[in-house]
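Whatever order the structure lists ligands and atoms in, that order sets their numbers, starting from 1. Because the structure is predicted, anything quoted here is derived from the model rather than measured. FYI, side chains are in, hydrogens and waters are out, and symmetry mates aren't considered; it's all heavy atoms of this structure.
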Amino acid sequence: MIDRDEPRPPTTVAAALERATTRLEGSGVEEPRLNAELLLSCLLGCDRGGLFVRRPDILAEDVLGPFESAVVRRANREPLQYITGFQEFHGVDIAVDSRVLIPRPETEGLVDAVLSLELPGEARVLDLGTGSGCIPIALGVKRPGWRLSALEASADTRAAAESNVARVDRDHPGLLKRVEVVGGDFARPPAEWRGAFDAVVSNPPYVTELEWHGLEPEVRDWEPKQALVPGPSGLEAYEALIPAAARLLRPGGFLLLEIGYGQADPVRKIATEAGYEEIAVQDDLRGIPRVVIARSPAA
Ligand SMILES: C[S@@+](CC[C@H](N)C(=O)[O-])C[C@H]1O[C@@H](n2cnc3c(N)ncnc32)[C@H](O)[C@@H]1O
């Protein structure tokens, strides 16, 4: 029988990392050593370089216990970011948990595309399907004159976005006043938003049902399915939100959408049929078409 009160033998940083790496490797986690180091450095409040210096140090029980729990969670294929609680996005720390999609690097490109537009200093910008709130937060931090609105269907997700805005406001005072998070369906946005926005941006769910089954466990088993899959074709969200956004934009306003692999042509077609003009597609850093930009007709 295991005596649970018996203290464990002293464990050095090096030994704890070694053991965790073996455990994570056996569970199929990619880059197991890196994952072990990120989990431990998060608990110790140091960077990975700091771990190297501390290799011979004995880990205190109040760090070793939480580290072992974190390794068990990661071995269960829970995403690293849900365990550490944060993902950096466009230079801002965004709190994440299982209520929200973990912000992706591709979406930083969508934010860059919005920032590169010539919009008024006091532009109004809307994010459809805001998730963690990463897009309006990044835009609000970079453009202190803009007013941001964010729409989200899930009440739990919306609460997470609101708490992110409030938390980032502590470092960027005034953000809370400029970012509103609203509950609702992007197919039926609030009537008072009609013609109100200089730009509408969205990274909607775009994974097909079939693709979702083949995703790695970290995504398929842990991230919210409604953030990933809009329906069997993967195009359902675009079909709903592209015509809806046309009614929300000012004449000549911009629509910017993140798209998945192979979706440039069908999304372009949906935008054309909804009356948009000047439709263009931008590649991501890997050369994959990733952002569709279109304009509502000028008055
Ligand atoms: C791909 S996630 C994007 C989240 C965040 N913008 C990001 O880039 O990390 C899509 C988000 O849209 C929300 N969503 C899905 N269908 C929606 C709908 N019909 N109306 C509003 N939001 C919706 C999901 O709950 C999810 O938070």
Side-chain angles (χ1 to χ4, degrees), residues 79 81-82 86-115 125-141 148-165 168 179-190 193 197 199-209 211-212 215 218-220 222-245 247-248 255-261 263 267 270 284 290-292:
Q81 296 91 332
Y82 286 168
F86 284 94
Q87 171 63 50
E88 191 196 320
F89 181 80
H90 226 279
V92 183
D93 275 344
I94 301 292
V96 291
D97 58 37
S98 58
R99 294 173 295 173
V100 303
L101 186 95
I102 298 163
R104 305 293 205 267
E106 294 87 328
T107 310
E108 295 181 321
L110 180 65
V111 168
D112 287 335
V114 183
L115 293 173
V125 178
L126 169 65
D127 176 32
L128 295 175
T130 203
S132 61
C134 60
I135 294 175
I137 290 171
L139 292 174
V141 166
L148 292 309
S149 300
L151 192 70
E152 172 55 50
S154 151
D156 282 351
T157 308
R158 180 186 161 200
E162 284 171 335
S163 107
N164 263 322
V165 175
V168 177
V179 181
E180 60 164 353
V181 185
V182 175
D185 184 338
F186 47 54
R188 287 180 293 281
W193 281 355
F197 295 98
V200 174
V201 59
S202 184
N203 169 25
Y206 56 68
V207 175
T208 70
E209 191 73 42
E211 285 166 343
W212 179 80
L215 292 174
E218 281 84 349
V219 181
R220 189 194 56 224
W222 291 92
E223 295 198 89
K225 190 175 180 189
Q226 87 270 3
L228 294 160
V229 183
S233 76
L235 295 169
E236 291 84 351
Y238 300 111
E239 286 160 352
L241 76 80
I242 290 175
R247 295 188 286 276
L248 305 178
L255 173 69
L256 299 98
L257 301 169
E258 181 169 322
I259 55 167
Y261 187 78
Q263 290 178 328
V267 170
I270 297 166
D284 65 17
R290 186 60 69 190
V291 176
V292 170

### Query
Heavy atom of Pro205 under 4.0 Å from ligand 1?
yes

### Query
Hey, are the side chains of Pro136 and Val125 touching, using non-hydrogen atoms and a 4.5 Å cut-off?
no

### Query
What do the steps show when you test Tyr238 against Leu257 for side chain to side chain contact (heavy atoms under 4.5 Å, CB included), and what is the final call?
CA-CA 9 Å; Tyr238 300 111; Leu257 301 169; 4.0 Å; yes

### Task
Please write down residue, atom name and distance for the protein heavy atom closest to atom 22 (N) of ligand 1.
Ala153 N, 3.2 Å

### Nitrogen or oxygen of Asp185 less than 3.5 angstrom from that of ligand 1
yes

### Task
Among all protein heavy atoms, pick the one closest to atom 23 (C) of ligand 1 and tell me residue, atom and distance.
Phe186 CE2, 3.4 Å

### Summary
Nearest non-hydrogen contact to atom 10 (C) of ligand 1 from the set Asn203, Leu101, Val229, Leu128 belongs to Asn203

### Task
Output all residues satisfying side-chain contact (heavy atoms from CB on, under 4.5 Å) with Ala159, sequence neighbours left out; order by chain, then residue number.
Arg99

### Derivation of the side chain to side chain contact (heavy atoms under 4.5 Å, CB included) call for Tyr82 and Glu218
CA-CA 10 Å; Tyr82 286 168; Glu218 281 84 349; over 6 Å; no

### Task
Return the residue, atom name and 0.1 Å-rounded distance of the protein heavy atom closest to atom 25 (O) of ligand 1.
Glu152 OE2, 2.6 Å

### Task
Would you mind listing which atoms of ligand 1 come within a distance below 4.0 Å of any non-hydrogen atom of Gly184?
20 (N), 21 (C)

### Task
Just go through Ala237, Pro103, Gly131, Gly129 and tell me whose heavy atom is the nearest to atom 6 (N) of ligand 1.
Gly129

### Task
Quick one: do Ile137 and Val179 satisfy side chain to side chain contact (heavy atoms under 4.5 Å, CB included)? Show the steps, please.
CA-CA 8 Å; Ile137 290 171; Val179 181; 5.6 Å; no

### Query
Taking heavy atoms and a distance under 4.0 Å, where does Pro224 meet ligand 1: side chain, backbone, both or neither?
neither

#### Entry: Protein residue, atom and distance nearest to atom 9 (O) of ligand 1, heavy-atom basis
Cys134 SG, 3.5 Å

### Task
Apply side-chain contact (heavy atoms from CB on, under 4.5 Å) to Ala113 and list each qualifying residue two or more places apart in sequence or on a separate chain.
Leu256, Gln282, Val291, Ile293

### Polar side chain donor-acceptor pair, Tyr206 to Glu236, under 3.5 angstrom
no

### Message
Taking the side chain as everything from C-beta on, heavy atoms only, tell me whether Gln226 gets closer than 4.5 Å to Thr157.
### Response
yes

#### Entry: Heavy atom of the protein closest to atom 2 (S) of ligand 1 (residue, atom name, distance)
Ala227 O, 3.4 Å

## Note on the structure
Residue, atom and distance of the protein heavy atom nearest atom 5 (C) of ligand 1 read Thr130 O, 3.3 Å

### Task
With heavy atoms only and a cut-off of under 4.0 Å, state how Thr107 meets ligand 1: side chain, backbone, both or neither.
side chain

### Message
Side chains of Phe197 and Ser149, heavy atoms from C-beta outward: is any pair under 4.5 Å?
### Response
yes

### Query
Should Leu115 and His90 count as side-chain neighbours, where that means a heavy-atom distance under 4.5 Å?
yes

### Query
Short list, please: which atoms of ligand 1 are under 4.0 Å from a heavy atom of Pro204?
1 (C)

### Message
To check your reading of the model: name the closest protein heavy atom to atom 15 (C) of ligand 1, its residue, and the distance in Å.
### Response
Gln226 O, 3.5 Å

### Summary
Checking heavy atoms under 4.0 Å, the part of Val100 that sits near ligand 1 is neither

